[in-house]
Amino acid sequence: MYSTTTLCRWVTLPAILLLYLLPLAVFGQNCPTGVTVTGGTIALAEGGGDSTSVCAGDGIDDLIDVTLSGATGDSSIYVITDDSLNILALPAAPPFNLEGAGDGTCLIWHLSYTGDLGGAAIDGRADSLTGCFELSNSITVRRDGVDGGILSLATGGDSTAICADDSISDAFEVVLTDTVGTNSAWVITDDSLNILALPAGPPFDLDGAGPGLCYVWHLAYGDSLSGATVGANAADLAGCFDLSNQIFVTRDTGTNCATTALPPALEPGQVRMFPNPVTHTLSLDLSELSSGTTILEIMDASGRLLERRELGAANGRHTFDLSTAAAGPYLLRVRNDGRMLTRRFVKQ
């Protein structure tokens with residue numbers, strides 16, 4: 001039932017004050033004589049209860065199933081609001097997937113109604129509904145938002161090369177944007193994702209590390225994280241976390257130092273990628289690239305190549321069908337006219 005007792009447990013003080021000023025119709029009493037509607041009682045299908053938490057942002061579906069009992073009325077829908085009763089979604093039925101919803105708290109309600117229902121629209125308010133209706137109790141979902149963010153070298157691009165045995169500092173700076181999470185760390189792995197170091201932060205100096213390829217990542221995580229230890233593998237990290245794209249560092253030694261050359265970076269605006277997150281089809285607008293040969297590569301988060309296309313001319317839009325790809329983070333690498341850009345996206 002939608003009662004002051006139930007609602008006051010979860011909503012903010014302004015919403016509580018509004019509750020006492022609302023007309024009786026909010027409680028489902030604006031009904032024709034003899035007509036009764038009941039919002040019913042909802043509970044989590046797994047374990048019962050009326051509160052849970054999800055990791056929203058790690059690329060893994062967060063499906064919440066609920067049970068409903070005692071509802072009456074000609075029609076019904078579910079309503080998802082924030083903790084100030086702003087309507088965020090109107091799903092038809094459970095389970096509800098909150099992956100990618102970001103950080104915050106939301107409330108899930110069942111709504112029964114008869115006849116016309118007013119105000120049930122996204123960006124509307126649950127305390128402004130009109131008609132013959134009633135809301136159930138709410139289930140509170142705490143969304144722990146995580147996003148490893150976007151990494152780039154301070155000098156541009158996402159790859160560099162160093163001479164790792166000349167006893168000269170090879171320190172390089174990175175720029176981090178769009179990260180979300182209560183906690184964060186930096187991780188350096190080899191190209192098999194074995195964790196080599198967990199530095200406190202940039203700049204990173206890999207002189208003396210020996211030859212090879214390594215990746216630099218930013219890691220955002222919530223209240224719990226396991227597996228982040230030197231010698232472990234980043235693929236075995238567990239908890240509520242998300243890794244950024246990686247910075248590719250080629251460590252050369254000896255005579256190879258004199259011949260190392262990596263391609264300069266493309267400008268970010270030259271490659272438009274959408275939507276992100278993606279459910280089925282990833283689209284690319286490459287109209288700003290030069291008319292030279294373009295190579296498109298899709299890689300998983302470890303850098304393993306999944307698909308490669310070579311285009312004679314890059315003008316126009318190109319798409320990748322990702323409908324059967326597993327949920328999680330991926331990388332798109334674009335090479336054009338001797339320049340390169342890597343972008344991160346998430347498959348839901």
Side-chain angles (χ1 to χ4, degrees), residues 54-65 89 91-102 122 145-152 157-159 178 180 191-193 215 217 234-235 237 241-248 263 265-348:
V54 298
C55 184
D58 59 356
I60 301 173
D61 286 347
D62 297 306
L63 298 178
I64 299 174
D65 203 359
F96 312 111
N97 188 6
L98 302 183
E99 170 56 26
I122 295 175
V146 289
D147 191 325
I150 300 173
L151 271 185
S152 62
D158 60 6
S159 58
D178 299 333
V180 176
D191 55 357
S192 296
L193 297 189
Y215 303 149
W217 315 76
L237 291 171
F241 73 93
D242 186 52
L243 285 165
S244 69
N245 62 300
Q246 68 264 59
I247 299 293
F248 301 83
L266 290 165
E267 295 297 327
Q270 291 181 277
V271 178
R272 292 184 60 242
M273 178 182 69
F274 54 93
N276 186 17
V278 59
T279 304
H280 298 291
T281 302
L282 182 71
S283 297
L284 307 177
D285 183 353
L286 308 177
S287 57
E288 297 299 320
L289 295 180
S290 72
S291 59
T293 298
T294 297
I295 297 174
L296 306 177
E297 296 171 322
I298 299 289
M299 299 168 286
D300 63 17
S302 70
R304 180 170 60 93
L305 182 64
L306 303 178
E307 184 172 349
R308 185 179 188 274
R309 296 181 189 175
E310 184 169 335
L311 310 175
N315 291 338
R317 180 174 296 183
H318 300 270
T319 60
F320 286 91
D321 182 5
L322 301 176
S323 57
T324 60
Y330 290 84
L331 300 170
L332 166 73
R333 174 171 286 175
V334 180
R335 303 174 187 266
N336 172 257
D337 199 21
R339 306 176 76 191
M340 183 174 68
L341 179 71
T342 303
R343 300 283 297 275
R344 175 183 178 274
F345 66 91
V346 174
K347 166 64 167 56
Q348 291 186 335

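Computed from a predicted structure; not experimentally measured.
Residues Leu286 and Asn336 form no side-chain contact, since every pair of their non-hydrogen atoms from C-beta on lies 4.5 Å or further apart. Residues Leu332 and Ile298 meet the side-chain proximity criterion, which asks for heavy atoms closer than 4.5 Å. Here the side chains of Leu289 and Val334 are in contact, with some heavy-atom distance below 4.5 Å. Within the 4.5 Å cutoff, the side chain of Phe320 has no heavy atoms near those of the Leu306 side chain. Counting only heavy atoms from C-beta outward, the side chains of Phe248 and Asp191 never approach each other to under 4.5 Å. For the pair Cys55 and Ile60, the minimum side-chain heavy-atom distance is 4.5 Å or more. A heavy-atom distance below 4.5 Å is not found between the side chains of Asp147 and Asp178.
Judged by distance alone, with hydrogens and angles left aside, the side-chain atoms of Asp158 form no donor-acceptor pair with the main-chain N or O of Gln246 at under 3.5 Å. In this structure, the side chain of Asn97 engages the main chain of Glu99 through a donor-acceptor pair within 3.5 Å.
Nearest heavy-atom pair, Ser323 versus Asp321, reported as atom, atom and distance to 0.1 Å: OG-OD1, 2.9 Å. Taking every heavy atom of both residues into account, Ser244 and Gly149 meet most closely at CB-O, 3.3 Å. What you find for Thr319 and Ser283 is that their closest heavy atoms are CG2-OG, 3.7 Å. In terms of heavy-atom proximity, Gln348 sits nearest to Ala327 at C-CB, 4.2 Å. Scanning all heavy atoms of the two residues, the minimum distance from Glu288 to Gln270 falls at O-NE2, 3.5 Å. Of all non-hydrogen atoms in Leu98 and Ala56, the two that sit nearest each other are O-CB, 3.7 Å.
Taken to the nearest 0.5 Å, the CZ atom of Phe274 stands 8.5 Å off from the CG atom of Leu282. Between the CZ atom in Arg308 and the CD1 atom in Ile295 there is a gap of 4.0 Å [rounded to 0.5 Å]. Put simply, NZ on Lys347 and OG1 on Thr279 are 6.5 Å apart, with the number rounded to the nearest 0.5 Å. Rounded to the nearest 0.5 angstrom, His318 NE2 and Leu311 CG are separated by 5.0 Å. Note: Asp242 CG to Trp217 CH2 = 10.5 Å, rounded to the nearest 0.5 Å.
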